[in-house]
2 protein chains.
Amino acid sequence: MKEAKLLFVGRLMKEAELEVKLAEEKRPKAGAESRAGGVQVELQGSELWRRFHDIGTEMIITKAGRRMFPSVRVKVKGLEPLQQYYIAIDVVPVDSKRYRYVYHSSQWMVAGNTDHSCITPRLYIHPDSPCSGETWMRQIVSFDRVKLTNNEMDDKGHIQSLPAEGVQTFSFQETEFTTVTAYQNQQITKLKIDRNPFAKGFRDPGRNSSSFHLEDPLESQDFLNPTYVKDPSGNARP
Amino acid sequence: MKEAKLLFVGRLMKEAELEVKLAEEKRPKAGAESRAGGVQVELQGSELWRRFHDIGTEMIITKAGRRMFPSVRVKVKGLEPLQQYYIAIDVVPVDSKRYRYVYHSSQWMVAGNTDHSCITPRLYIHPDSPCSGETWMRQIVSFDRVKLTNNEMDDKGHIQSLPAEGVQTFSFQETEFTTVTAYQNQQITKLKIDRNPFAKGFRDPGRNSSSFHLEDPLESQDFLNPTYVKDPSGNARP
DNA sequence: CTATTGGCACCTAGGTGTTAAATT
DNA sequence: AATTTAACACCTAGGTGCCAATAG
C-alpha cells in the first residue's frame with residue numbers, strides 16, 4: 001500500500017511553511033512563455049487554516065508518522081489540459097531558530113539554533129502524479145495522507161529532487177506551523193478537537209461549540225455522519 | 001481518493017478468469033526480441049486460490065462494488081529495470097452461458113446464454129502505473145482494492161484499451177470464478193468466513209477450524225490481531 | 001419462483017488527544 | 001525540567017456475510 005510520509009527533522013522548530021510545487025513532465029522547451037500561462041493554485045479550507053494560524057498552528061510529529069490537520073487541499077487552474085504534470089508539496093523551514101513555548105505568556109520564545117544545512121529536502125509527490133492538466137483541474141488535489149515524522153530513517157513517498165526547469169512553487173502564509181511532540185497551546189488542542197472528526201471522542205458533550213461552523217464542508221464532514229440519519233431507536237427489524 | 005472498480009455485467013455468469021497484463025511505456029521498437037526477455041508473473045497465494053477453485057470459486061458482485069477474496073497478488077520477474085511499465089488486470093468471460101446452481105447436486109447447470117458482445121472490455125490499471133521494472137519487481141503487486149460491480153454506470157479506475165503492441169498477458173486457471181449476488185455453495189461461504197479477516201464475526205467460536213492453516217500469511221493475517229495481545233481485563237487506568 | 005437489494009451486527013484498519021512513563 | 005515515547009479509549013471509515021424485503 002502506498003503510504004505518504006514527510007520527514008520533518010528537528011524538535012521545536014518554529015515556522016515551517018508548506019509549498020505546493022508543480023512540474024511539467026518532459027517539457028518540450030524550457031522557457032518563460034509557457035510559464036506565463038497563468039497557473040493558479042488556490043488553497044482550500046483557508047478559513048480554517050487561518051483560524052489555526054491566528055492562534056499559532058502546531059502540528060504533532062511522531063516516529064510512526066502523524067497526519068496534518070488541517071490537511072492541504074488545493075484547486076489548480078490554468079494548466080494545459082493535455083500536458084502531463086507532477087504535483088508535490090514540500091515543508092520549508094522559515095528560520096534556523098529553535099523555539100520554546102512559554103505558558104504564562106502564551107508565546108513562543110527563541111531557545112537556540114538549528115542546523116538546517118544537514119536536512120535533505122524531501123518532497124512528497126502526489127500519488128496521482130504524473131497526470132494530465134485536465135485531470136488535475138477537474139478535482140480538488142488533496143494531500144490528506146501525508147504524514148509528518150521525526151524518524152530520519154523514514155523516507156517513504158519522497159524523492160530527492162524535481163527537474164531544475166519548469167517547476168513553479170506556490171506557498172501559503174496561513175499554512176505556517178510549528179512542529180511539536182505534544183501540543184503546547186491549549187487553544188490549538190481545543191480547535192483540533194472541535195474540527196478533526198477523528199478527535200470527536202474528546203469533544204465536550206455539553207457545549208455544541210463550533211460544530212455548526214461549516215465554513216468548509218471538506219474539512220468538517222459531520223453532515224455525512226450516519227448517526228444523524230440513522231433510526232435513533234436502534235432496533236433491528238422483526 | 002482513487003477507487004478501483006471492475007464492472008461485471010450479467011447475473012450468474014459462470015467462469016470468468018483473471019488476466020494480468022503488462023505493457024511497456026513508449027516502447028522504442030515493437031518486436032519479438034525484447035519480449036523474449038523472459039518476463040515471469042507468479043500468482044501469490046495460489047494455494048488458497050486453488051482451494052476455492054476445487055470447490056468452485058464464487059465472487060459476490062454488488063451495485064456499490066465488492067472486493068474479491070482472495071485478492072490478486074503477483075510477483076513479477078524478468079523486467080528491464082529502467083523501462084517503465086503499466087500493469088493491469090482484466091476479467092475475461094470463459095464462455096457465453098448463464099448458469100444456475102442446483103442445490104441438491106451441488107452443481108452449476110447451464111441455464112441460458114449471455115450476450116457478451118455488448119460488454120466493453122474494462123481493464124483495471126494498477127494505481128502505481130506507470131512504474132519502473134525495478135520498482136515493480138521489488139515488491140508484490142497487489143490488486144486488493146479492486147471491486148466487482150454490476151452497476152453499468154460505474155467505470156472508475158478503468159481505461160478502454162492498452163497499446164496494441166508490447167502487451168503481454170498472463171492468465172491463471174485457479175482464478176476462475178462465478179459471479180453471484182448471494183453465495184450459492186455453502187462450502188464457499190464457509191471457506192470465505194474462515195479465511196477473510198473481515199468475516200471473522202461469522203466464525204464458529206467452537207471449532208478452531210483452519211485458523212492455523214497459515215500457508216499464506218498475506219491472506220490470513222490473524223497473527224496481527226491485537227486481540228491476542230491486549231490486556232483481557234479491559235480495565236482503564238485509574 | 002429465483003435473483004437482487006438494503007439494512008444490519010460484527011469485524012479490520014487506522015486516525016485522535018490523553019496520560020504515565022521513559023528519556024535527555 | 002523539558003521533551004519524547006508508548007499504550008490506551010474512543011472515534012472514523014469501510015469490508016464481511018446474514019436476513020428480510022423487494023424486484024423480475
Side-chain angles (χ1 to χ4, degrees), chain A residues 1 3 10-12 58 60-69 71 98-103 111-112 144-145 147 150-151 179-184 186 188-203 205 221-222 224-227 229-231 234-238, chain B residues 1 3 10-13 58 60-69 71 98-103 111-112 144-145 147 149-151 179-184 186 188-203 205 220-222 224-227 229-231 233-238:
Chain A
M1 227 26 1
E3 202 181 356
R11 300 186 300 176
L12 291 183
E58 299 175 25
I60 298 251
I61 49 175
T62 68
K63 243 167 69 179
R66 195 77 152 191
R67 285 192 183 177
M68 286 186 286
F69 185 86
S71 59
R98 189 169 294 175
Y99 289 79
R100 193 169 65 83
Y101 187 74
V102 181
Y103 198 86
D144 52 5
R145 291 260 233 269
K147 287 180 175 178
N150 51 359
N151 183 356
T179 56
V180 294
T181 55
Y183 289 128
Q184 304 294 309
Q186 293 189 346
I188 289 294
T189 312
K190 189 171 287 236
L191 192 51
K192 296 249 183 180
I193 289 173
D194 259 11
R195 298 311 195 83
N196 190 334
F198 289 108
K200 192 176 265 184
F202 299 101
R203 289 185 192 164
Q221 303 177 334
D222 288 1
L224 289 174
N225 190 336
T227 312
V229 292
K230 237 191 250 166
D231 179 5
N235 292 334
R237 277 165 296 178
Chain B
M1 239 357 30
E3 201 181 358
R11 300 183 301 175
L12 293 182
M13 184 195 307
E58 299 175 23
I60 298 253
I61 48 174
T62 68
K63 243 168 67 180
R66 195 78 153 192
R67 286 192 182 177
M68 286 187 286
F69 186 87
S71 59
R98 189 170 294 175
Y99 289 79
R100 194 170 65 83
Y101 188 74
V102 181
Y103 199 87
D144 53 4
R145 291 260 233 268
K147 287 180 175 179
T149 180
N150 51 358
N151 183 353
T179 56
V180 294
T181 56
Y183 289 129
Q184 303 296 309
Q186 293 188 346
I188 289 293
T189 313
K190 188 171 290 232
L191 192 50
K192 296 250 184 181
I193 289 173
D194 259 10
R195 299 310 196 84
N196 189 334
F198 289 107
K200 193 176 264 184
F202 298 101
R203 289 187 192 163
S220 187
Q221 304 177 336
D222 289 0
L224 289 173
N225 191 335
T227 312
V229 293
K230 236 192 250 166
D231 178 6
S233 73
N235 291 334
R237 276 167 296 180

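Residue numbering restarts at 1 for every chain, and letters A, B, ... go by the order of the sequence lines. All of these numbers come straight from a predicted model, not from anything done at the bench.
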Looking at [options], which one has an atom nearest to any side-chain atom of [X]?
X        : options                : value
A:Phe198 : D:dC11, D:dC18, D:dT3  : D:dC11
B:Ala199 : C:dT4, D:dT4, D:dT16   : D:dT16
A:Tyr183 : C:dG17, D:dT3, C:dG14  : C:dG17
B:Phe202 : D:dG17, C:dG6, D:dT5   : D:dG17
A:Lys147 : D:dG15, C:dG15, C:dT16 : C:dG15
B:Arg100 : C:dA3, D:dG14, D:dC18  : C:dA3

Side-chain N or O of [X] versus OP1/OP2 of [N]: is the shortest distance under 4.0 Å?
X        : N      : result
A:Lys190 : C:dG17 : no
A:Asn150 : D:dT3  : no
B:Lys200 : D:dG17 : no
B:Lys63  : C:dG6  : yes

Whole-Å gap separating [atom2] ([N]) and [atom1] ([X]):
X        : N      : atom1 : atom2 : value
A:Ile60  : C:dG14 : CD1   : P     : 20 Å
B:Arg195 : C:dC11 : CZ    : C1'   : 18 Å
B:Gln186 : D:dC18 : CD    : C1'   : 12 Å
A:Asp144 : D:dT12 : CG    : P     : 17 Å
A:Asn196 : D:dC11 : CG    : C1'   : 10 Å
B:Glu58  : D:dG17 : CD    : C1'   : 13 Å

Report yes if a donor N or O on one partner sits less than 3.5 Å from an acceptor N or O on the other, where the partners are the side chain of B:Arg66 and the base of D:dG17; otherwise report no.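 Answer yes: a donor N or O sits under 3.5 Å from an acceptor.
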Is the closest side-chain heavy-atom distance between [X] and [Y] below 4.5 Å?
X        : Y       : result
B:Lys147 : B:Arg67 : yes
A:Asn150 : A:Lys63 : yes
B:Arg66  : B:Ile61 : no

Minimal heavy-atom distance between A:Gln184 and A:Tyr103, with the atoms involved, is O-CE1, 4.2 Å
Students often get this wrong, so: under 4.0 angstrom with heavy atoms, is A:Thr62 touching a base, only sugar-phosphate, or nothing?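 Since no nucleic acid heavy atom lies under 4.0 Å of A:Thr62, the category is nothing.
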Taken to the nearest 0.5 Å, the spacing of B:Thr189 OG1 from B:Gln186 CD works out to 6.5 Å
